[in-house]
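Numbers here simply count residues along the sequence, with the first being 1. These figures come from a predicted structure and were not determined experimentally. What you see below is based on every heavy atom in this structure, not just the backbone, and it leaves out hydrogens, waters and symmetry mates.
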Amino acid sequence: MKQKQKIINIAVIAHVDAGKSTLVDALLNQSHVFRDNENAVECVMDSDAIERERGITIYSKNCSIMYKDYKINIVDTPGHADFSSEVERIMKTVDTVILLVDSSEGPMPQTRFVLNKALQQGLNPILFINKIDKKDARIDEVVDEVYELFMDLEASDEQLDFPILYGIARQGIAVKDPSEIEGIVIGEGAAKIMKSPKGYMDFDITPLLDCIVNHCNPYPDRRNEPLQLQVSTLAYDDYIGRLGIGRVTRGVIKEAQTVAVTRVDGSATKSKINQIFVYKGMSRLPVSEAECGDIVVVSGISDISIGETICDTGHPESLGSISIEEPTLSMNFMVNSSPFAGKAGKYITSRHIKERLDKELEVNVGLLAEPTDSTDCFKVSGRGELHLSVLIENMRREGYELAVSKPEVVIKKGKNGENLEPVEEVVVSLPDEYTGSVISKLNLRKGLMREMMSEGNGYSKIIYTAPTRGLMGYRSEFINDTHGEGTMIRRFEGFEPWKGDIPDRINGVAVAQEEGHCTAYAIFTIQERVQMFVKPQDHVYEGQIVGMNARSDDMVVNPSRAKKATNMRAAGSDDTIKLTPPRTFTLEEALEFINEDELVEVTPADIRLRKKYLTELERRKSSNRTGK
């Protein structure tokens, strides 16, 4: 038998914006994955359209590099807490993790979560202190904070003895001691280094690659044992169908092989593997067989699911299920019933929506979809507003039309039958002058301050615990209160007893009285009392929300009222009217804004806000029934 290939699997984990995808860029560039004349895009692993637009990682993705005689499979993971199910399920497929920590921020809420998952799997991390060229870098303090975090998470002695590297991921530099590059990139007369992942002068990413090879033993030779492979991720190919991705724990997997698939419920069925792919650089490479330790992609099993194990037919042994934390937020996905339904979308029926949700459930394990009393409505639960809004945004781009309700927290029952609601840790960094208003708003939302400290340079850091219910809709308010200078980071912490009533949105809304095209004349008269959401020539319908009232009650307005033209008043004089620019909503902002009696109408062309009941008479009847 030929000598086994040396394989090491690593995952790059960190908080949002610590530089995970940028570090992977450097590893790929310096391993000559790209041709010399190839212009590789920045954050090349963020290949999804929404990932590119928002500058975040949403899905865990694989690639591989060769270093000396080692094959290193790399998994790039998301940093947002909403997508933490992507991190949880890949931990079983890797041998070690590179924990990235910002040299200025230090360990953040999501750093604790991803590190805890790695330690629970018994992995021995490598610490990489990134962005050491920052002016406010505090490298020694950050290393001490990481040690404290490891001890808080009850790391073993072996896990506490982690190697530490320092570097600048965007430049493709890693060093064992920051003093090695201090005079070049950090000091007063430092050379301005260009943003390029290919290294700088004599510095490159090699120390990190050497550390991976020295710190982590290659996967042991278990080729003679019966096949075992647990599926940790799913993908879909238009030509070959559903794909299962996972690490071969033992044995060898071959194309056209008959295998046993142990299901989540404990049963086992026979299936046949069609093709096998392994990762080479950014590409999937078809192979006739793959050996233990490698991360592979298999096709041919049309009903394979996450957590199921592909085994030798004579030894159907499951590797257990992959446990994922429960959803914390839910909203209703409904068939669009507005007067404009079907004008922009291709898929508009409940059958279309159900099929799309079923397809999403196959690959998105952090999601849950349940039927409701109505055949036109589905209750969808996820990890947070961003988790659910990315699904809605994908559906919108695919041609779906739907209406969605205000997000609601998932309520659990305690041991004594009491209601428990999700609570989050909130870390706020903001200028000192705005701390008073932010503290006051968080207190109103049933938040509890844990810690407050000065960060220097006129900034403060405040740590709160607050119910998810109270934080919904607060982000835009926070941005206004801190004049865009504050940052707020949230992380799910657990379920706690119900915190009581929390005030809703203070302002009422302006609701369109009839269908028509908005006129400048009508908007000019309305905007004195209303912050408008529409502009002239926008087509609106009865019951659509067209603005935010300055008062707390809702107001019915007619933004399509035309000016009567007479010999005294010419229609052309409207050209001199000055209108305030309307407020436009992103999908997340719209979901944050609406109240319980309102919906967000999502179509491929528009995002509109509307009342659940479109006519004024229906709204009055509803308020009489509910007493609100």
TODO: Determine, stepwise, if the pair D133 / R170 fulfils side chain to side chain contact (heavy atoms under 4.5 Å, CB included).
DONE: CA-CA 11 Å; D133 57 333; R170 71 188 177 110; 3.3 Å; yes

- [ ] Over all heavy atoms of both residues, which pair between T93 and N9 is shortest? Give the atoms and the distance, please.
- [x] O-ND2, 3.2 Å

TODO: Locate the shortest heavy-atom distance separating P327 from L368; write the atom from each residue and the value.
DONE: CG-CB, 4.2 Å

TODO: Check whether any side-chain heavy atom of M488 lies under 4.5 Å from a side-chain heavy atom of V438, and answer yes or no.
DONE: no

TODO: With sequence neighbours excluded, tell me which residues meet ring pair (Phe, Tyr, Trp, His ring centres under 6.0 Å) with F495.
DONE: F492

Open item on the list: Using 0.5 Å steps for rounding, measure from the CZ atom of R247 to the CG atom of L319.
Closed with: 10.0 Å

Task: With F162 via ring pair (Phe, Tyr, Trp, His ring centres under 6.0 Å) - residues at least two apart - done: Y147, F150

Open item on the list: Quick check: do N73 and N62 have side-chain heavy atoms less than 4.5 Å from each other?
Closed with: no

Task: L367 and H387, any side-chain heavy atoms less than 4.5 Å apart - done: yes

Open item on the list: The criterion is side-chain contact (heavy atoms from CB on, under 4.5 Å); which residues satisfy it with D144, sequence neighbours excluded?
Closed with: none

TODO: State whether D210 and K68 are salt-bridged, where the test is any N-O pair (Lys NZ or Arg NE/NH1/NH2 against Asp/Glu carboxylate O) under 4.0 Å.
DONE: yes

Task: From T77 atom OG1 to M91 atom CE, the distance as rounded to the nearest 0.5 Å - done: 7.0 Å

TODO: Inspect the contact between E145 and R138 and indicate whether a charged nitrogen and a carboxylate oxygen are less than 4.0 angstrom apart.
DONE: yes

TODO: Please state whether the rings of F585 and F593 are parallel, tilted or perpendicular, taking 30° and 60° as the class boundaries.
DONE: tilted

Open item on the list: Give me the atom names and distance for the closest heavy-atom approach of P218 to I8.
Closed with: CA-CG1, 3.9 Å

- [ ] Return yes if some donor-acceptor pair links the side-chain N/O of N116 with the main-chain N/O of R112 below 3.5 Å, else return no.
- [x] no

- [ ] With the side chain counted from C-beta on, respond yes when E496 and T465 share a heavy-atom pair under 4.5 Å apart, and no when they do not.
- [x] no

Task: Side-chain donor/acceptor of Q159 to backbone N/O of L119, under 3.5 Å - done: yes

- [ ] May I have the step-by-step check of side chain to side chain contact (heavy atoms under 4.5 Å, CB included) for F277 and I240, ending in yes or no?
- [x] CA-CA 12 Å; F277 303 87; I240 54 179; 3.7 Å; yes

Task: Inter-residue atom distance L208.CG - I126.CD1, 0.5 Å rounding - done: 6.5 Å

TODO: Would you check if the side chain of E592 reaches a backbone N or O of M472 as a donor-acceptor pair within less than 3.5 Å?
DONE: no

Task: Salt bridge present between E425 and R450 (N-O < 4.0 angstrom) - done: yes

TODO: Of all the heavy-atom pairs spanning L388 and S381, show the shortest one and how long it is.
DONE: CD2-C, 4.1 Å

TODO: Output the distance between atom CG (D481) and atom OG1 (T435), rounded to the nearest 0.5 Å.
DONE: 11.5 Å

- [ ] Answer yes or no: is there a side-chain heavy-atom contact under 4.5 Å between L209 and L27?
- [x] yes

Open item on the list: Within a 6.0 Å radius of atom NZ on K176, are there more than 12 heavy atoms belonging to other residues, nucleotides or ligands?
Closed with: no

Open item on the list: Applying salt bridge (charged side-chain N to carboxylate O under 4.0 Å, His left out), can you list everything that pairs with E148, at least two apart in sequence or on another chain?
Closed with: none

Open item on the list: Using every non-hydrogen atom in the two residues, find where T586 and I607 come nearest and quote the distance to one decimal.
Closed with: C-CD1, 4.5 Å

Task: Backbone of V296 reached by a side-chain donor or acceptor of D294 within 3.5 Å - done: no

TODO: Kindly give the heavy-atom pair with the smallest separation between L234 and S305, and that separation in Å.
DONE: CD1-CA, 4.2 Å

Task: Side-chain touch I295/V75, heavy atoms, less than 4.5 angstrom - done: yes

Open item on the list: Please evaluate residues Y279 and I65 with respect to the criterion side chain to side chain contact (heavy atoms under 4.5 Å, CB included), reporting the C-alpha separation (whole Å), side-chain torsions for both, the decisive distance (0.1 Å), and the verdict.
Closed with: CA-CA 9 Å; Y279 288 96; I65 59 173; over 6 Å; no

Open item on the list: Between S103 and I139 (side chain of the first, backbone of the second, donor and acceptor by atom type, cut-off under 3.5 Å), is there such a pair?
Closed with: no

Open item on the list: Test your reading of the model: is there a side-chain donor-acceptor pair from T249 to the backbone of L229, 3.5 Å cut-off?
Closed with: no

Task: Check: N130 side chain, L100 main-chain N or O, donor-acceptor pair, under 3.5 Å - done: no

- [ ] Check step by step if side chain to side chain contact (heavy atoms under 4.5 Å, CB included) holds for L430 and I462.
- [x] CA-CA 8 Å; L430 74 170; I462 309 170; 3.8 Å; yes

Task: Non-hydrogen side-chain atoms of R284 and L243 separated by less than 4.5 Å - done: yes

- [ ] Using salt bridge (charged side-chain N to carboxylate O under 4.0 Å, His left out) as the criterion, list what pairs up with K461, not counting sequence neighbours.
- [x] none

Task: Interatomic distance, M108 atom CE to R491 atom CZ [nearest 0.5 angstrom] - done: 11.5 Å

Open item on the list: Which residues pass the side-chain contact (heavy atoms from CB on, under 4.5 Å) test with T584, not counting sequence neighbours?
Closed with: none

Open item on the list: Could you check whether any side-chain heavy atom of I132 comes within less than 4.5 Å of a side-chain heavy atom of I168, counting everything from C-beta outward?
Closed with: yes

- [ ] Look up atom CD in E291 and atom CD in Q5, then write down how far apart they are to the nearest 0.5 Å.
- [x] 6.0 Å

- [ ] For Y464 and N443, test the side chains for any donor-to-acceptor distance below 3.5 angstrom and give the result as yes or no.
- [x] yes

TODO: May I ask you to say whether R445 pairs ionically with E477, meaning some side-chain N is under 4.0 Å from a carboxylate O?
DONE: yes

